[in-house]
Amino acid sequence: MNDKRDERWMREAYEEGLKAFDEGEVPVGAVIVKDDTIIGRGHNRVESLKDPTAHAEIIAISAACNTLGNWRLNGSILYVTVEPCLMCGGAIFHSRIEKVMYGVKEPKFGSFGTVTNILENNNFSHSVKVEQTDILKDEITSLMKKFFKSKRRRKRTDGSKSV
């Protein structure tokens with residue numbers, strides 16, 4: 001893919017992240033593209049669904065599988081605003097996604113080299129290409145900081161739990 005396409009798809013993932021932000025969720029968004037078409041999209045819904053597995057990547061994978069009528073997403077690319085966690089990394093491998101492009105590293109849970117590296121396991125039946133890209137890096141970083149700053153502020157003023 002060329003940079004214009006990558007930017008287009010990462011912008012779509014970012015728009016999903018904005019939806020999560022508006023819903024009070026950690027603002028991570030994802031889209032899955034195959035043959036230059038979005039086949040699945042998702043944003044974090046952990047709080048609204050009361051489900052710790054409702055990450056943007058998992059929701060996008062489920063939607064893509066429903067679109068194709070198949071759990072194998074061979075030939076697809078996942079664009080996600082933030083580096084996937086270990087749970088999502090496992091789902092990415094299991095669903096046979098060909099490539100992952102993410103916007104920013106995840107310092108607490110990143111599974112593609114930041115905290116751990118799921119790619120180091122050579123026993124998988126297939127491989128996944130992973131690329132951290134600087135596409136929309138500033139916007140994604142700013143959105144994440146804004147979200148967590150608002151959560152910390154809210155916790156101080158009303159005593160509610162932070163994320």
If Ile, Leu, Val, Met, Phe, Trp and Tyr residues are connected whenever their side-chain heavy atoms lie under 4.5 Å apart, and connections chain through other members, are [X] and [Y] in the same group?
X	Y	result
Val128	Leu86	yes
Val104	Phe148	yes
Ile38	Tyr102	yes

Exercise: identify the closest heavy-atom pair between [X] and [Y]:
X	Y	result
Glu57	Val82	OE2-O, 4.0 Å
Val31	Glu16	CG1-CG, 4.4 Å
Ala56	Asn44	N-OD1, 2.8 Å
Ala63	Gly40	CB-CA, 3.9 Å
Val100	Val80	CG1-CG1, 4.3 Å
Leu78	Ala30	CD1-CB, 3.8 Å

Do Lys4 and Glu7 meet the salt-bridge criterion of a basic N to acidic O distance under 4.0 Å? no
For Tyr79 and Ile135, run side chain to side chain contact (heavy atoms under 4.5 Å, CB included): C-alpha distance rounded to whole Å, both residues' side-chain angles, the deciding distance at 0.1 Å, then the answer. CA-CA 11 Å; Tyr79 291 85; Ile135 300 170; 6.0 Å; no
Could you state the interatomic distance from [atom1] ([X]) to [atom2] ([Y]), rounded to the nearest 0.5 Å?
X	Y	atom1	atom2	answer
His126	Ser95	NE2	OG	7.0 Å
Leu49	Ile59	CG	CD1	6.0 Å
Lys129	Leu119	NZ	CG	12.5 Å
Thr81	Leu18	OG1	CG	9.5 Å
Thr133	Asp6	OG1	CG	6.5 Å

Just by distance, do the side chain of [X] and the backbone of [Y] share a donor-acceptor pair under 3.5 Å?
X	Y	value
Asn70	Arg72	yes
Thr67	Ile39	yes
Glu83	Glu106	yes

Would you say that [X] contacts [Y] through its side chain, given a criterion of any heavy-atom pair below 4.5 Å between the two side chains?
X	Y	answer
Cys88	Ile58	yes
Asp36	Trp9	yes
Arg96	Asn74	yes
Lys34	Leu73	no
Ile118	Phe112	yes
Met144	Pro27	yes
Cys65	Ile61	yes
Phe109	Thr114	no

Begin with the C-alpha distance, continue with both residues' side-chain angles, and end with the deciding distance and a verdict on side chain to side chain contact (heavy atoms under 4.5 Å, CB included) for Arg45 and Asp51. CA-CA 8 Å; Arg45 307 221 28 234; Asp51 180 353; over 6 Å; no
side-chain contact (heavy atoms from CB on, under 4.5 Å) partner of His43, chosen from His55, Lys19, Glu25, Glu15: Lys19
Above 12 or not: heavy atoms from other molecules or residues under 6.0 Å from CZ of Phe93?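 Enclosed.
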Show your working on side chain to side chain contact (heavy atoms under 4.5 Å, CB included) between Phe21 and Leu143 and close with a plain yes or no. CA-CA 8 Å; Phe21 181 87; Leu143 184 63; 3.6 Å; yes
Check the pair Arg41 / Glu12 against side chain to side chain contact (heavy atoms under 4.5 Å, CB included), numbers first and verdict last. CA-CA 9 Å; Arg41 58 176 66 236; Glu12 290 283 343; 3.1 Å; yes
Using ring pair (Phe, Tyr, Trp, His ring centres under 6.0 Å) as the criterion, list what pairs up with His94, not counting sequence neighbours. none
